[in-house]
Trainee: 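I have a structure I would like to understand better, so I am pasting it below and will then ask my questions one at a time.
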Amino acid sequence: MAALLSPKILPILLLVASNVFMTFAWYGHLKFKTSALWVVVLVSWGIAFFEYWLAVPANRLGHEVYSAAELKTIQEVITLTVFAAFSVLYLKESFTVNHLIGFAMIAGGAAVIFRA
């Protein structure tokens, strides 16, 4: 348990949780196309409120051990991973080889950021 609370791991876990909220805030409404736009905007904003309660501490804590560029890179890789799972499991959309190749190319760029 102590390892999960380490300054290198806890920010990543908080970013994963914040991304789940943000993905639902940004894309969850796509299953409710008949709902009024103002309704889904307000609901999405409400969901995003909780995302901020996770993302801001994640970045504050994470900046003790990661640079801002590294934190942003971690965030983007997490975002793609969470989104890929969300689109398949929640939206029931297919994940194609092109998606995989594109995401792998982005992950390759992320690896460059962390190169010593």
Trainee: I need the minimum non-hydrogen distance between Phe95 and Val88, along with the two atoms involved.
Mentor: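 Closest approach of Phe95 to Val88, heavy atoms only: CB-CG2, 3.7 Å.
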Trainee: Taking all non-hydrogen atoms of both residues into account, name the closest pair between Ser44 and Ala25 and its distance.
Mentor: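 Residues Ser44 and Ala25, closest heavy atoms: OG-O, 2.6 Å.
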Trainee: Linking I/L/V/M/F/W/Y whenever any side-chain heavy atoms sit under 4.5 Å apart, do Phe83 and Leu30 land together?
Mentor: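 The answer is yes; both residues are in one hydrophobic cluster.
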Trainee: Any idea which heavy atoms bring Leu91 and Tyr27 closest together, and the distance?
Mentor: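 In this case the closest contact between Leu91 and Tyr27 is CD2-O, 4.1 Å.
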Trainee: Would you find more than 12 non-hydrogen atoms of other residues, nucleotides or ligands less than 6.0 Å from Lys31 atom NZ?
Mentor: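 Yes, the 6.0 Å shell around NZ holds more than 12 heavy atoms from other groups.
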Trainee: Between Ala58 and Pro11, which heavy-atom pair has the shortest distance, and what is it?
Mentor: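 Of all heavy-atom pairs spanning Ala58 and Pro11, the closest is O-CB, 3.4 Å.
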Trainee: Which value, rounded to the nearest 0.5 Å, describes the distance between Thr79 atom OG1 and Phe103 atom CZ?
Mentor: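 These two atoms lie 10.0 Å from each other.
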Trainee: Hydrophobic clustering (ILVMFWY, side-chain heavy atoms < 4.5 Å, transitive) - are Val77 and Leu54 grouped together?
Mentor: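 Different clusters.
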Trainee: Looking only at heavy atoms, what is the nearest atom pair of Ala48 and Met22, with distance?
Mentor: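 Scanning both residues completely, I find the closest heavy atoms to be CB-CE, 3.9 Å.
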Trainee: Angle between ring planes, Phe24 versus Tyr90, binned at 30° and 60°: parallel, tilted or perpendicular?
Mentor: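 Correct class here is perpendicular.
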Trainee: Could you give the distance from CE (Met105) to CG (Leu100), rounded to the nearest 0.5 Å?
Mentor: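 Those atoms lie 12.0 Å apart.
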Trainee: Answer yes if Val82 and Ile74 sit in the same cluster of Ile, Leu, Val, Met, Phe, Trp and Tyr residues linked by side chain heavy atoms under 4.5 Å apart, and no otherwise.
Mentor: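 Yes: a chain of side-chain contacts under 4.5 Å links Val82 to Ile74.
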Trainee: Following the transitive rule for hydrophobic clusters with a side-chain heavy-atom cut-off under 4.5 Å over Ile, Leu, Val, Met, Phe, Trp and Tyr, establish whether Ile47 and Val40 coincide in one cluster.
Mentor: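 Different hydrophobic clusters.
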Trainee: Angle between ring planes, Phe49 versus Trp45, binned at 30° and 60°: parallel, tilted or perpendicular?
Mentor: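 Phe49 vs Trp45 ring planes: tilted.
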Trainee: To the nearest 0.5 Å, what is the distance between CH2 on Trp26 and CG on Asn19?
Mentor: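 Nearest 0.5 Å value for the CH2-CG distance: 9.0 Å.
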Trainee: I need the Ser18 OG to Tyr52 OH distance, nearest 0.5 Å.
Mentor: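 Rounded to the nearest 0.5 Å, the OG-OH separation comes to 10.0 Å.
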Trainee: For the atom pair CD1 (Ile78) and CG (Leu13), what is the distance rounded to the nearest 0.5 Å?
Mentor: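 Output value for this atom pair is 8.5 Å.
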Trainee: Let me confirm one number: the CD-OH distance from Gln75 to Tyr66, rounded to the nearest 0.5 Å.
Mentor: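 One gets 13.0 Å once the value is rounded to the nearest 0.5 Å.
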Trainee: Please confirm whether the backbone N or O of Arg60 pairs with a side-chain atom of His63, one donor and one acceptor, at under 3.5 Å?
Mentor: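 Here the side-chain-to-backbone pair does not exist.
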Trainee: Can Leu61 be reached from Phe50 by stepping across I, L, V, M, F, W or Y side chains whose heavy atoms are under 4.5 Å apart?
Mentor: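 Same cluster: Phe50 reaches Leu61 through Ile, Leu, Val, Met, Phe, Trp or Tyr contacts under 4.5 Å.
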Trainee: I need the minimum non-hydrogen distance between Ala110 and Thr73, along with the two atoms involved.
Mentor: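 Between these two residues, the closest heavy atoms are CB-CG2, 3.3 Å.
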